[in-house]
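First comes the structure, then the notes that go with it.
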Amino acid sequence: MSVKRASDYTFFENVFDVVRQIPRGRVTSYGMIASYLGSKQTSRMVGWAMNRAHDLHPPVPAHRVVNRNGLLTGKHHFSPPESMQLSLEEEGVNVIDDQIIDFKNHIWNPCEELL
DNA sequence: TTCCTGACTCCAG
DNA sequence: CCTGGAGCCAGGA
């Protein structure tokens, strides 16, 4: 058993925290999370963090994180890949051809919501 | 150790 | 409108 220390609370832990707070039926982008945490240029690190997210507890709803266009660019990292879209549609987010329909209407921006 | 890649985004041409 | 390069930083070979 490992205990979380303050010194372990890095950028990645912050990413997981933010993602875990995304409400059901809402989505956000890598860039928004990165921007909220300090620099939008670290958006790649957010994606990298998501790759590690599947093993974490409590679970991280990585399917609610897409790229800035509402495109499910990370679906191939789910097993099966379709599970990302299915999870979203279960929450009322329609997806066609890897694109979230009415994306801007589902956006949850941590910069505004998570002040 | 160095080199390459990536679930991104922005900016220039 | 589309394409390519740069910047970010951690891991794997």
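We find the CD1-CG distance between I100(A) and N94(A) to be 10.0 Å, quoted to the nearest 0.5 Å.
Regarding contacts with the backbone of dT5(B), every side-chain N or O of R44(A) stays at 4.0 angstrom or more from both OP1 and OP2. Look at S29(A) and you won't find any side-chain N or O under 4.0 angstrom from OP1 or OP2 of dC8(B). OP1 or OP2 of dC8(C) has not a single side-chain nitrogen or oxygen of S43(A) nearer than 4.0 Å.
Side-chain N or O atoms of N67(A) include one that pairs as donor or acceptor with a backbone N or O of N69(A) at under 3.5 Å. Remark: side-chain polar atoms of R20(A) are paired, donor with acceptor, to backbone N or O of P58(A) under 3.5 angstrom.
Checking dA7(B), dC8(C), dG11(C) against every side-chain atom of M50(A), the shortest atom distance belongs to dA7(B). In the set dT9(B), dG11(C), dA10(C), dG11(C) carries the atom at the smallest distance from any side-chain atom of R52(A). Listed candidates were dG11(C), dA10(C), dA7(B). Nearest to the side chain of H77(A) is dA7(B).
Within the shown strands, dC3(B) is the pairing partner of dG12(C) under the Watson-Crick or G-U definition, both distances less than 3.5 Å. When both pairing distances are held under 3.5 Å, dC10(B) makes a Watson-Crick or G-U pair with dG5(C).
Between the P atom of dC9(C) and the CH2 atom of W48(A) lies a distance of 13 Å, rounded to the nearest Å. The separation between N69(A) atom CG and dC8(B) atom C1' is 10 Å, rounded to whole Å. Per the geometry, CG belonging to L88(A) stands 13 Å off C1' belonging to dA7(B), to the nearest Å. The nearest whole Å value for the distance from the CD atom in Q41(A) to the P atom in dC10(B) is 10 Å. Atom CE of M45(A) is separated from atom P of dG11(C) by 9 Å (rounded to the nearest Å). Atom-to-atom, CZ of F11(A) to C1' of dC9(C) comes out at 9 Å; the value is rounded to the nearest Å. Residue M32(A) contributes atom CE, which lies 9 Å from atom P of dT9(B) at whole-angstrom precision. To the nearest angstrom, P of dC8(B) lies 13 Å from CG of D98(A).
Residue A49(A) is classed as having no contact, given no heavy-atom separation below 4.0 Å to the nucleic acid. In this structure, N67(A) reaches the sugar-phosphate backbone alone: every heavy-atom distance under 4.0 Å involves primed, P, OP1 or OP2 atoms, never a base.
Taking atom P on both nucleotides, dC4(B) is separated from dG5(C) by 15 Å, rounded to a whole Å. Distance check on atom P: dC8(B) versus dC1(C) gives 22 Å, rounded to whole Å.
Using modelled atom types and a 3.5 Å distance limit, the side chains of H63(A) and E91(A) yield a donor-acceptor pair.
Taking the side chain as every heavy atom from C-beta outward, V15(A) and M50(A) approach each other to under 4.5 Å.
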